[in-house]
2 protein chains.
Amino acid sequence: MIEPVFPEGILTVDRSSDVPLSEQLYRCFREAVRGGLLTSGTRLPSTRRLASSLGVARNTVNAAYDLLLAEGIISVRAGAAPRIVDGLRLEQGKPANIRSRPAPVLSSRGARMAANLRGEGWAFRHGALQPGSPALDLFPYEEWARCLRRAARLERTADLQYQNYSGHPALKQQLVRHLATERGVQATAEQILVTSSMQASLSLLAQALADTGDNVWLEEPGYLGARTAFHAAGLNIAQLPTDGDGADVDQVQVSDPPPKIIYVTPSHHYPLGARMPLARRLALLEAASKAGAIILEDDYDSEFLFSGRPVAALYGLAEEGQVIYLGTFSKSLMPGLRIAYCVVPTDLAQPIGQLMRNMGCTANVQAQAALAHFMDSGGFQKHLKQIRQVYEERGNCLVAALRGRLGNRLLVEPPSGNVQVAVLFRGDLDDVAIALAMQERGFAVSPLSSTYLGTDRQAGLIIGFAGATQEQIDKGVEVLGNLLEGMDD
Amino acid sequence: MIEPVFPEGILTVDRSSDVPLSEQLYRCFREAVRGGLLTSGTRLPSTRRLASSLGVARNTVNAAYDLLLAEGIISVRAGAAPRIVDGLRLEQGKPANIRSRPAPVLSSRGARMAANLRGEGWAFRHGALQPGSPALDLFPYEEWARCLRRAARLERTADLQYQNYSGHPALKQQLVRHLATERGVQATAEQILVTSSMQASLSLLAQALADTGDNVWLEEPGYLGARTAFHAAGLNIAQLPTDGDGADVDQVQVSDPPPKIIYVTPSHHYPLGARMPLARRLALLEAASKAGAIILEDDYDSEFLFSGRPVAALYGLAEEGQVIYLGTFSKSLMPGLRIAYCVVPTDLAQPIGQLMRNMGCTANVQAQAALAHFMDSGGFQKHLKQIRQVYEERGNCLVAALRGRLGNRLLVEPPSGNVQVAVLFRGDLDDVAIALAMQERGFAVSPLSSTYLGTDRQAGLIIGFAGATQEQIDKGVEVLGNLLEGMDD
């Protein structure tokens, strides 16, 4: 048998690379084996000879050979040169059928979970006047940096390990106090779950509380994030009609089977802004009770209800177990924080906490500790007070500009809260086309019609104001005016 | 008609409470309406009179009345006292059937997703020698605090808003470099998704790539976190047998239909530690290709392979789209960081990124920015070098102690990597009972048998060493020795 000759040409090293030379050598060998250039039984050169011919240290070659040995590519016997081992299925290294294999695809479920319900040719972009965005210009960066630094230095406990998946104890304690004082929500720390976002809370709860094909009621129009979570969970979404008093269960089409989940925004209906009066709240609780449904109360903007104190949360009116309360720090602090929370029934706290752990959507521990300190020290309340005032000013400024320039073409009320406002077009305009045109011009407004599930849609725009400068408002209104006038031609 | 008299006794205020007095008053009214103590048509006292009788400021009463008005509980007409409105469905406020409603329950899916597969009466506790835990005593708290502070001060861009759900661009860029240099993984930034944990990556991918009832192959024994994610996703888990060379596709029982997903830990089989040689790797790729399955390569401990450089990742051997590479910072930095990542096929990067966004399991932005800086500045490499050495020392120390005290009762090899080691009992011992007894004594070791899906199980313990002090090791081995000897009696 003729022994195969070692093909020295396979070896090259690149001294400018970040990859260590030994690793480069090892990879050259491995690729040569895979590519069939180095075959079973081939003797490798001695480390001395190879080091010399490549101009590298002998230790470098030794390290490469160690890797080859560790990976089972070469074998070494005392007194003999290392050889490429037998039995490597080299002929199967890159069979033709691997090259031509079809591109990987999502499962049916994966495709459903990945659906972008903003759809209709409307691509979500970022820019000025973006709905949902808080005022990052008012964020107390220096103070927050100190809180984070403090948390990173002081937190050396088991909290940083694999535990407290459902939230840092100190943050839960602050939330208990905050919710009782500000929202009339009486909860224990055990009931509070801290998640990585409102979207995570909605996804978890949709899956935890309903099976594929179960019914859910969603306000019409309603929050796209909730619709996305329910769609991803395979739920059958039924419309919960709304009017100037928010959601009205008496207007629901007879639905069989009854809903497992009812999703509402009673403090400030998303996106139109209605506040739900007590009579509606009681009717909602009664309907949920009859249906055996659990209510998800999304209190997304309770911190920014401008006129006086906000009404207490629906949660406080309900019996234990009827309502799950959902909140977020995305709008009061920043979306990048990735901290939201929910208040779940005592009986469900343990299993939903375990579910959270199994799904892995938990929040950064140091950020939670920093937030707990920020709340405890009064910094959060101070920040809220400031942004509440500025948000109201900016909202009024936007509405004044819209009315001044476009009062004959649209309807808009001064916002009673939140970080965005819904504008209704007079007449039958294509709000998707208008939103797209605005986006192309750097204004990330959204079409109101996309928040409807049914075909009876109101055309308009959802326009963010919380983070807007006067210049952005003026420019945006001007651009919108030109667009609307251009459509007359 | 006799007008109802206002029941003054319903009103009490607590000056020591955090809740503003106006809010307290408002709640008293609301509760009284709900409880039937205040009925439709009742006239409220004048603000002057009520303020005087309660000893509060008149503005306090005004604010409470404003809230009642805003919530639609009272009506006001010019020149008349405010009254409780008509038509509140008070009789439905707390119907008897609400009180007796059944406790809320999880959906079937929710119960499956919340399953604790560590089960078998074995409760997960925290304590010394806990598997999976890194050495928090070596964590560079001060340097990390500076990185976080820097990120919190400097990051003022749109990255903090609703975008980059699949990860901070700077961190993705660092990961591209790190993976190419250290793991032979050639990927673009677009292919990298940053998630809130390895568990989140596994959950997302299980759902994205397979439908309920689809087959998945999981190493036997194998990682419980992966089994949890697959079980939660409703997959049918088949055993992928392992031996001293890791997973062996040739030993798989004929399975029909073929798997959609194959989960492996080729660099260091979890929990037994085998390194998969090249021949096995090629066979695995071929089997996956034939089955049309995608491989999840969990490279959970690649940073801690002690003896020389680790072998390159399986990812580098495969064709584009065959392997998804999974990594985490939980073991190299800390679990509380909540940052993990995966490298997905180019074709799937956009839809899986959208799925991630829809599920909300994204990581804190400032922590991502801090980590990018920590990596870029060389701090991460320095930290890795230090902990790699200390982990190896601690692992050897644990093994020496176990062999010295219990060499006749168990088998254990010096760890070739990772933060924990598997110990095999000689003879047929109940490792769950032993682990529980250890846990009761403050040592959070886990039973090896729980990592098996089938009934052919090896008894032993998984013992963490990375964070262990010499004293914990000595004490833990002593406690284990006493337990094992006690079982002889």
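Throughout, protein chains are lettered first and strands after them, A, B, ... in sequence-line order, and every chain is numbered starting at 1.
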Point to revise | Portion of A:Ala151 that has a non-hydrogen atom of chain B nearer than 4.5 angstrom | key: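 For A:Ala151, no heavy atom lies under 4.5 Å from chain B.
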Contact winner vs chain A - [options], heavy-atom pairs under 4.5 Å:
{"options": "B:Gly225, B:Ala370, B:Ala145", "value": "B:Ala145"}
{"options": "B:Asp137, B:Asp66, B:Asp211", "value": "B:Asp211"}
{"options": "B:Ser133, B:Gly184, B:Ala180", "value": "B:Ser133"}
{"options": "B:Ala63, B:Gly336, B:Gly353", "value": "B:Gly336"}
{"options": "B:Asp347, B:Leu348, B:Leu148", "value": "B:Leu348"}

Review point. So do B:Pro277 and A:Ile73 actually touch side chain to side chain, heavy atoms under 4.5 Å?
Key: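 The answer is no; the side chains never approach within 4.5 Å.
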Review point. Is any side-chain heavy atom of A:Val365 closer than 4.5 Å to a side-chain heavy atom of B:Leu337?
Key: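 They are not in side-chain contact.
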To the nearest 0.5 Å, what is the distance between [atom1] on [X] and [atom2] on [Y]?
{"X": "A:Ser197", "Y": "B:Arg357", "atom1": "OG", "atom2": "CZ", "result": "10.5 Å"}
{"X": "A:Met113", "Y": "B:Ile352", "atom1": "CE", "atom2": "CD1", "result": "10.5 Å"}
{"X": "A:Leu106", "Y": "B:Gln354", "atom1": "CG", "atom2": "CD", "result": "11.5 Å"}
{"X": "A:Leu117", "Y": "B:Asn358", "atom1": "CG", "atom2": "CG", "result": "7.0 Å"}
{"X": "B:Arg183", "Y": "A:Glu23", "atom1": "CZ", "atom2": "CD", "result": "8.0 Å"}
{"X": "A:Asp214", "Y": "B:Ser108", "atom1": "CG", "atom2": "OG", "result": "8.0 Å"}

Answer with side chain, backbone, both or neither: which region of [X] has an atom nearer than 4.5 Å to a non-hydrogen atom of chain A?
{"X": "B:Ala206", "answer": "backbone"}
{"X": "B:Ala115", "answer": "backbone"}
{"X": "B:Thr362", "answer": "both"}
{"X": "B:Ala233", "answer": "both"}
{"X": "B:Val105", "answer": "backbone"}
{"X": "B:Pro345", "answer": "side chain"}
{"X": "B:Arg177", "answer": "side chain"}
{"X": "B:Arg150", "answer": "neither"}
{"X": "B:Thr212", "answer": "both"}
{"X": "B:Ala340", "answer": "neither"}

Indicate the atoms forming the closest heavy-atom contact of [X] with [Y], along with that distance.
{"X": "A:Gly360", "Y": "B:Ser196", "result": "O-OG, 2.7 Å"}
{"X": "B:Leu355", "Y": "A:Gly110", "result": "CD1-O, 3.5 Å"}
{"X": "A:Gln207", "Y": "B:Ser107", "result": "O-OG, 2.9 Å"}
{"X": "A:Pro104", "Y": "B:Ile294", "result": "CB-CD1, 4.0 Å"}

Report the option among [options] that has the most heavy-atom pairs separated by less than 4.5 Å from atoms of chain B.
{"options": "A:Pro134, A:Ala232, A:Ala229, A:Ala367", "result": "A:Pro134"}
{"options": "A:Ala208, A:Ser17, A:Ser330", "result": "A:Ala208"}
{"options": "A:Gly316, A:Cys361, A:Ala210", "result": "A:Ala210"}

Practice item. Determine, step by step, whether B:Arg153 and A:Arg146 satisfy the side chain to side chain contact (heavy atoms under 4.5 Å, CB included) criterion, reporting the C-alpha distance in whole Å, the side-chain angles of both residues, the deciding distance to 0.1 Å, and the verdict. Key: CA-CA 9 Å; B:Arg153 297 176 71 184; A:Arg146 282 195 296 275; over 6 Å; no
Point to revise | Results of side chain to side chain donor-acceptor pair (under 3.5 Å) for B:Ser203 - residues two or more places apart only | key: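 With sequence neighbours excluded, B:Ser203 shows a side chain to side chain donor-acceptor pair (under 3.5 Å) to no residue whatsoever.
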Exercise for review: Could you list the residues that satisfy side chain to side chain donor-acceptor pair (under 3.5 Å) with A:Asp245, not counting sequence neighbours?
Suggested key: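 A:Asp245: no side chain to side chain donor-acceptor pair (under 3.5 Å) contacts found.
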Review point. Under the side chain to side chain contact (heavy atoms under 4.5 Å, CB included) criterion, do A:Tyr165 and B:Arg338 qualify, and how do the steps go?
Key: CA-CA 10 Å; A:Tyr165 286 90; B:Arg338 316 307 299 157; 3.9 Å; yes
Point to revise | Audit row: A:Gln199, B:Met359, side chain to side chain contact (heavy atoms under 4.5 Å, CB included) steps and yes/no | key: CA-CA 6 Å; A:Gln199 198 59 36; B:Met359 295 297 104; over 6 Å; no
Check your understanding: Could you go step by step and tell me if B:Gln366 and A:Trp144 meet the side chain to side chain contact (heavy atoms under 4.5 Å, CB included) rule?
Key -> CA-CA 11 Å; B:Gln366 290 164 332; A:Trp144 181 247; 2.8 Å; yes
